[in-house]
Amino acid sequence: MSEKNNNIVTRFAPSPTGFMHVGGVRTALYAWLWARKNNGTFILRIEDTDKEREVEGSILHIQESLKWLGLNWDFGPGAPGPAGSYIQSERLEVYKKYAQMLIDKGFAYADPYSEEELEVLRQKAEEEKRPFLYREHRKESTEAWDGTKPLRFKVPTLKRYLWQDAVWGELSAGEEALDDFILIKSDGYPTYNFAHIVDDIEMGVTHVMRGQEFISSTPKFLSLYEALGLDAPVFATLPPIMAPDGKKKLSKRDGAKDLLEYKQEGYLPDAFINFLALLGWNPGTDQEIFTREELIASFDIAKIQHSGAGLNEEKLNWINREHIKKLPTDKQFQILLQYIPKDITSLSQYSEEMLRKVAHLIVERIEKWGDVEKLFAEGDFVYFFTQPEYAKETLYWKDEQDSEKTKDRLSQVLKLIEVGSDESFKDAETVKMLIWDYANEEGRGQVLWPTRVALSGREKSPDPFTLLSILGKQESMSRIRKAIEIL
């Protein structure tokens, strides 16, 4: 292994049985952060030995999800490493080698029972209201294992195991958790209980991050390490991610989404990992907005919490908005371009120059980039790219249904704009000076309301000074003239 790989080595080892969701990705994030903080190695390993449950396309989906978040792996699919393939179905000879080691040590044997015989034994245990333990039915001798029958692990000793968890401290479990479990199935594929341990050994994994559901199985893992004469890695048990109500673990029924849906909805990857990191980890400060570099510097396994955090999309939206605000203006614009609906870009007055003028107004209104399409669909900002259509009644100030007065006021605004120089339209504050005195004399609402509607066609829009400065002198005059004709 390389010099880098001799330090901290973490891994993310998903099974390709469906889409990636936040629970799995948070495990990947914490493993990635710990490796990066310690200048270590992060491995992506695909645990695809359960072929019956494998979903086509899942391996690619896993990789796309991690790539979107920027959780780059040092070794794994597409990144060759010293352990050979990082896809378990391509590592069967490695598992056979370790299986033979256990056979030679007297810690593995061919399962002598058929499925039917085992079912009878299970039913008997159920009738007697006691747990079924295979080791209680272990035979004195069995035939040599030839691969046609399952290979079982023979528990070396029945004892209480104590181990130190990096998050929970000292944990323990007794002999009731130990049994002769299957190492390799009759189809030639290893079980999870066996394969992940072999791979962690072969890949030099130093820290294993996993969910609380694995605590009860840890004695099995420790007994296997003991049989192989090897030390176990450091275990770090992560808290669950809870449903929004905080009462149960998040599931698909509670709205757990395919991770790439968040990408499609326009969340920034840095914002998403910022949000994800805080679902079970506390930096010990009041800081909530983190850059990727700040997360790496601050992350500590010792600060992972015991209790789970609820998936609060309002919090995610707030964090995402804060990250959008921190982007340079040019970066905001380049991303915005990707989300402008095609029907907007085909409008007569659409141009990237006009969009650039409007961009800050759009960015102020969104929490995620996917909101842009919704804003346009509701009519917001469309008026910057085409002259608006509206009923003349919309131009009246409150209950003052007077076409002549409204027309006279718009005519006066038109005259004031007409005498203004192009320089007067450079920003909202400068253009305001052209009509502010008149608006104060005549009545602000009476003047500014019809001006706003004439320019945007909407009752709710940016203030008329902002509209005038963005649309420019000629277009503003054209729209006010049109309003006068409607009246």
### Task
Can you sort out the partners of D463 under side chain to side chain contact (heavy atoms under 4.5 Å, CB included), two or more places apart, ordered by chain and number?
F465, T466
### Query
Among all residues two or more places apart in sequence or in another chain, which pass the side chain to side chain contact (heavy atoms under 4.5 Å, CB included) test with Q305?
N282
### Message
Side chains of R11 and M203, heavy atoms from C-beta outward: is any pair under 4.5 Å?
### Response
no
### Message
Less than 6.0 angstrom from the centroid, inside 45 degrees of the normal: does R458 satisfy that with respect to the ring of Y383?
### Response
no
## Note on the structure
Applying side chain to side chain contact (heavy atoms under 4.5 Å, CB included) to S172 and not counting sequence neighbours gives R160, L162
### Query
By side chain to side chain contact (heavy atoms under 4.5 Å, CB included), which residues pair with K97, not counting sequence neighbours?
E202
### Task
Hey, could you give me each pair passing salt bridge (Lys or Arg N to Asp or Glu O under 4.0 Å) that has a residue in residues 51-72? Not counting sequence neighbours.
D48-K51, D50-R53, K51-E54
#### Entry: Shortest non-hydrogen separation from Q212 to P240 and the atoms involved
NE2-CD, 3.4 Å
### Message
Considering only residues two or more places apart or on different chains, which pairs with a residue in residues 357-367 satisfy salt bridge (Lys or Arg N to Asp or Glu O under 4.0 Å)?
### Response
R365-D380
### Query
Is the cationic atom of K368 (NZ for Lys, CZ for Arg) positioned less than 6.0 Å from the six-membered ring centroid of F272 and within 45 degrees of its normal?
no
## Note on the structure
So the salt bridge (Lys or Arg N to Asp or Glu O under 4.0 Å) pairs with at least one residue in residues 291-307 (sequence neighbours excluded) are D270-R292
### Query
If you measure from the Lys or Arg side-chain nitrogens to the Asp or Glu carboxylate oxygens, is any gap between K149 and D111 under 4.0 Å?
no
## Note on the structure
So the salt bridge (Lys or Arg N to Asp or Glu O under 4.0 Å) pairs with at least one residue in residues 325-344 (sequence neighbours excluded) are E322-K325, D330-R356
### Separation between CG of L467 and CZ of F384, rounded to the nearest 0.5 Å
5.0 Å
### Query
Who pairs with K460 by salt bridge (charged side-chain N to carboxylate O under 4.0 Å, His left out), at least two apart in sequence or on another chain?
none
### Task
Could I get the full list of salt bridge (charged side-chain N to carboxylate O under 4.0 Å, His left out) partners for K105, not counting sequence neighbours?
none
### Message
Less than 4.5 Å apart, side chain to side chain, heavy atoms only: is that true for F376 and F385?
### Response
yes
### Task
Can you label the angle between the F214 ring and the Y192 ring as parallel, tilted or perpendicular, going by 30° and 60°?
tilted
### Message
Check this for me, if you would: do D371 and K374 make a salt bridge, where the nitrogen-to-carboxylate-oxygen distance has to be below 4.0 angstrom?
### Response
no
### Query
Under 3.5 Å, is there a donor-acceptor pair between the side chain of N274 and the main chain of T291?
no
### Query
With E170, which residues qualify under salt bridge (charged side-chain N to carboxylate O under 4.0 Å, His left out), at least two apart?
none
### Query
Partners of E119 by salt bridge (charged side-chain N to carboxylate O under 4.0 Å, His left out), sequence neighbours excluded?
R122
#### Entry: Y30 (side chain) donor-acceptor with I304 (main chain) under 3.5 angstrom
no
